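We name chains A, B, ... by the order of the sequence lines, and we start the count at 1 in each one. Predicted model, so just to flag it, every value in this text is computed and none were measured.
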Amino acid sequence: MKPFEIVETPIEPQKYSDYVLHAGAGAVTVFTGHVREWTHGIRTLYLSYEAYIPMAEKKLAQIGAEMEAKWPGVKAAIAHRIGEMHISDIAVVIAVSSPHRKAAYEANEYAIERIKEVVPIWKKEIWEDGEEWIGGQKKYPEKGIE
Amino acid sequence: MKPFEIVETPIEPQKYSDYVLHAGAGAVTVFTGHVREWTHGIRTLYLSYEAYIPMAEKKLAQIGAEMEAKWPGVKAAIAHRIGEMHISDIAVVIAVSSPHRKAAYEANEYAIERIKEVVPIWKKEIWEDGEEWIGGQKKYPEKGIE
Amino acid sequence: MIKVSYFARLRELTGKPGETIDRESMTVRELLDWAETAYPGFGKDTVHVAVNEEYALKEDIIQSGDICAFIPPVSGG
Amino acid sequence: MIKVSYFARLRELTGKPGETIDRESMTVRELLDWAETAYPGFGKDTVHVAVNEEYALKEDIIQSGDICAFIPPVSGG
């Protein structure tokens, strides 16, 4: 495994928590994002994710570097799966270790917010009666995306 | 496994995250608390945890009920290990699922704070040159612990 | 007869996991005073009492047959 | 020669994963205008451009040999 990677096969969270664990870590948080059956009253059959893989892995690693700079002592690993996924499948895992628990929670939540902002990954929802690429409707910011 | 339990053998986080996962869950957070080698500059050799087991399991279940009341849609499982533990061993696992991520983070962090307040479990740190039961130095509150 | 349990530091201080007190009823406050007298250094101001696995207030009354536990400051997690 | 890639909605709109544009240099803004003209409905106001795997500003200049990608609103996580 790479600590910041796009994968095409089922995600095993334990691999990423093992990677961040070390003798100085008192707390590990693992977030997994799962395919949910119902969103806004519409039943999802399955999802399909697509990524601009090399750039997405670079951006995941950048988020990891941001976390480690903001919360000294934090160590992170992030993986996002692409391709077709069904209900309860893991789309993303974020593992964070830290000497103390506060930073492990905060840095983990920071990571998922940043993923949703800057990592070139796209989700298509497939329902019984249609499908759609999901994406924020933000306008192009004058100063660029960062 | 029981969803709220005191155990005497190594904790496998996956069991607890599997327990909380369901078709409506979009987010799962798993917190694990680990034995850390250094605390305040003192090197820990190992820890020993003791619990008032029946009351501790009752209090863990109570915390779960508090979480599910405060964050509707949240499902939780918590286990705490007792006995001797060495560096990096898991002392506690908190697994939380939720339709949306915000509640999964918040409810998880709430649980660890509550565990440290109300669950009758005690930690003894064993160092190279001594040992000590760890415990907050709070005075008996007039209104009781809750 | 009131049963009491000791944990952690208190188990080591008293040298036993618990014992039975030959009383029909007493308040939690009286139980703590009894423990402090019986075991100097008990630290009753930092110790909670659970009666039948629930935290009790100092004014609560313990009856014969109740299961009590002295709860020193907890440190789980 | 400037290489461009299309993803997600834009890949379906253009019907291709990418193509090569026969230009020596252009700004990001010019590239977006070109795409909007070539593919009505492209939605250039919601699309970012990455140049060599980094987000670029509209004023940035793209040179021949650069690898560009059109990035519609992301939705990972």
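Atom CD of A:E37 is surrounded by more than 12 heavy atoms from other residues, nucleotides or ligands within 6.0 Å. No more than 12 heavy atoms of other residues, nucleotides or ligands shown are found within 6.0 angstrom of CD on A:E8. Annotation for A:K15: atom NZ counts as buried by contact number, over 12 foreign heavy atoms lying within 6.0 Å.
Interface remark: A:K123 contributes backbone and side-chain atoms alike to the contact with chain D (heavy atom separation under 4.5 Å). For D:N52, the part lying near chain A is the backbone, with the side chain staying farther off; criterion is any non-hydrogen pair under 4.5 Å.
Of all heavy-atom pairs between A:I112 and D:G77, the closest is CD1-CA, 3.9 Å. Between D:V74 and A:I115, the shortest heavy-atom distance links the atoms CG2-O, 4.4 Å. Shortest non-hydrogen contact noted between A:Y52 and D:I71 is CD2-CD1, 4.0 Å.
Between atom CZ of residue D:R9 and atom NZ of residue A:K124 there is a gap of 12.0 Å, rounded to the nearest 0.5 Å. In this structure, CH2 in A:W122 is found 8.5 Å from CG in D:L10, a value given to the nearest 0.5 Å. One finds the CD atom of D:E54 at 6.0 Å from the CE atom of A:M55 (value rounded to the nearest 0.5 Å). Distance check, rounded to the nearest 0.5 Å: CD of D:E12 to CD of A:E131 gives 6.0 Å.
Note: A:P120 leads A:P120, A:A91, A:G33 in heavy-atom pairs under 4.5 Å with chain D.
Residues of residues 44-51 of chain A lying under 4.5 angstrom from chain D, judged on non-hydrogen atoms, are A:Y49, A:E50, A:A51 by number.
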